[in-house]
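Below is one structure, written out as structure tokens; the observations come after it.
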Amino acid sequence: MRSLTKLVEAALFAAARPLTADELAVLDPDATEVDVLAALEELRTVYDQGGHGVEVVEVAEGFEILTRRECAEAIAEAQLVQRPRKLSAAAMETLAIIAYRQPVGRADIEQIRGVQADGVLRLLLERGLVDVVGRGEGIGRPLLYGTTPAFLELLGLKDLNELPRLEELSVALRPQGEAT
Amino acid sequence: MRSLTKLVEAALFAAARPLTADELAVLDPDATEVDVLAALEELRTVYDQGGHGVEVVEVAEGFEILTRRECAEAIAEAQLVQRPRKLSAAAMETLAIIAYRQPVGRADIEQIRGVQADGVLRLLLERGLVDVVGRGEGIGRPLLYGTTPAFLELLGLKDLNELPRLEELSVALRPQGEAT
Amino acid sequence: MTAPAQLTDRPFVVELDAFSGPLDLLLHLIREQEVDIADIPIGRIADQFLASIHELGFNEAADYLEMAAYLLRIKLAMLLPRPLGDDEWEDPRAELVRRLLEYEQIREVADWLARRAGERSDRFARGLLSEEPDLPPPPLLLELAELLATAQRLAEGLPQDVLHRVVPRPLDTEGATARIRELLSARERFDLLELLGARPSVTDVISCLIALLELARLGELVVAQDIPFGSVAVARAVAHETR
């Protein structure tokens, strides 16, 4: 590969958006648009003749490197059979607090864990494990979170009463309404 | 290129995050981990010997394709991709302490640096470079911090063993047990 | 510790960025003076440290002041006469030297990390693709045992005071005051137990007591207990009825 071709490949790879020949020409002060087009052509040939899983594609906005269609399908299928992932420790802790203390607000979660909860809460919401179940008293009427049916389903529980009670937890993380 | 190599290339291209050999093996139901490693090796050789602008790199969470260092300057100058923001000296020092002393609490970090650590710790937590990994003994059971895979990714390390051994540094180390 | 933006034209802002903390500044002074770290001329270095944080406008930074105070303490300790012939005299600078060496080592590691991070940032990963969100996230593995273990660990980590959380119930002295005035407008005297009513809560009792004492101070009523542990009588204070 010529050195401009190498630069063009790296730039297209990293940008992950179509780049015009104009934009690519900035990579090398000495390169003309013709040089860039020749480099793109060389890259296209290397990919096509080398049996690569990617190809150079010209779209309306310029050029980009895309995975070949036949590979894209295999990748999509592979995604569907992906191995189950575990939650991070942070997400697990937050989920445990919500499970045992629901309905519970962000401030309480942060107080127990000692760190900000925004990101983890967003993740749990996105994965459908928790949901907003109401609003609390106090300044700004904070959102209160609780677990969802999907959470119970993942654990194979019929309802929250099936969640084992832990001695210490029944005191420490007891839902507030249950106080004697 | 073999067909598995082609799929591996396409998957690494599309994923935009490191993939483990396990994850890559899902691409082909017949492929073993050994096949995947062979495919990765073939891809590495193709990139290296073909004078490509990208290369296969093994990082904390698996394998990924990265642009070659010698292309960085041209790409950054052409403003096609932005370099990540550098961490401050304070953040680097805090990371250094956490990396070598983990799990470590805030008080220890502050003692070593002689500076309050709240702000820096919050930044490192937000960037996902460190996480709470437990609680220490003592008053208030302080939060203990450790590094994350993102920390390894930031440095391009496979694991913590790649960090330099303290004996190799020019400044002599005090014995570990001598903690205050 | 970052200075307000409007101050950026003042020199100390640059300097503030140049040092990552008091130990960094201290190391800088020691290197500049080319003195032996094991035999720091503590008086001179302490003075320079103070001068630096004064010049640099560090005065606001508690961390630097703490270090300055520490240096001055060492300086004082050095001036104290040593017990004659005492081999066990401990150099007051020993702890400082240990901290400086430890910090210097961390600095070296930090430099190494920064170098690595710099090299890594020279290699770009693929930018995020827009197609990505369309794909379903990988299935989730959630185990009850793990959830329980996590909850247990959290509960054990909770500080004691959370276990017995005090639910703040505000005292209602205004309500108690109104009730007392109401009773007094109807009758000249009444018994404290009447005011409290059946099964008063702790906060009710405290509210009433505070209200009674306040009204007594204002001269609106008098409180009397004829026998020890007997009932407490509340009576209208005749002299000040007009207030």
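Sequence lines set the chain letters: A, B, ... in the order given, protein chains first and strands last, and positions in each chain run from 1. Heavy atoms only: backbone and side chains are in, while hydrogens, waters and symmetry mates are out. Keep in mind that what you see is a predicted model, and the values were worked out from it rather than measured.
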Self-check item: pair B/L7-A/E70: side-chain heavy atoms closer than 4.5 Å
Solution: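 No, their side chains stay 4.5 Å or more apart.
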
Quiz item: Between B/H52 and A/E9, is any pair of side-chain heavy atoms under 4.5 Å apart?
Solution: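 Contact flag for B/H52/A/E9 side chains = yes.
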
Practice problem: Take the angle between the ring planes of A/F13 and B/F13 and call it parallel below 30°, perpendicular above 60°, tilted in between. | Solution: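 Perpendicular, since the angle between the ring planes exceeds 60°.
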
Exercise. Determine whether more than 12 heavy atoms belonging to other residues, nucleotides or ligands lie under 6.0 Å from atom CD of A/E162.
Key: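 Counting other residues, nucleotides and ligands, CD of A/E162 exceeds 12 neighbours.
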
Self-check item: Neighbour count >12 (heavy atoms, 6.0 Å) for atom CZ, A/R135
Solution: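 Yes, enclosed.
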
Looking only at non-hydrogen atoms, find the nearest pair between [X] and [Y] and report the distance.
X: A/A74; Y: B/L27; answer: O-CD2, 4.2 Å
X: A/E23; Y: B/L80; answer: CB-CD2, 4.1 Å
X: A/A10; Y: B/V54; answer: CA-CG1, 4.4 Å

Exercise. Find the distance between CG (A/D118) and CD (B/E126) and round it off to the nearest 0.5 Å.
Key: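 One finds 8.5 Å between CG of A/D118 and CD of B/E126.
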
Practice problem: Measure the spacing between CG of A/L12 and OG1 of B/T67 and express it to the nearest 0.5 Å. | Solution: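 Reported value, rounded in 0.5 Å steps: 12.0 Å.
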
Under 4.5 Å from any heavy atom of chain B - which part of [X]:
X: A/R68; answer: side chain
X: A/V8; answer: neither
X: A/A89; answer: neither
X: A/L19; answer: side chain

Quiz prompt | Residue, of A/A25, A/P29, A/A11, that accumulates the most heavy atom pairs under 4.5 Å with chain B | solution =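 Of A/A25, A/P29, A/A11, A/A11 has the most heavy-atom pairs under 4.5 Å with chain B.
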
For chain A, the option from [options] that forms the most heavy-atom pairs under 4.5 Å:
options: B/L125, B/I65, B/V132, B/T148; value: B/I65
options: B/D28, B/L143, B/L43, B/V46; value: B/L143
options: B/A72, B/C71, B/G128; value: B/C71

Practice problem: Measure distances from B/L24 to the heavy atoms of chain A and classify the residue's part below 4.5 Å as side chain, backbone, both or neither. | Solution: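 The answer is neither part of B/L24.
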
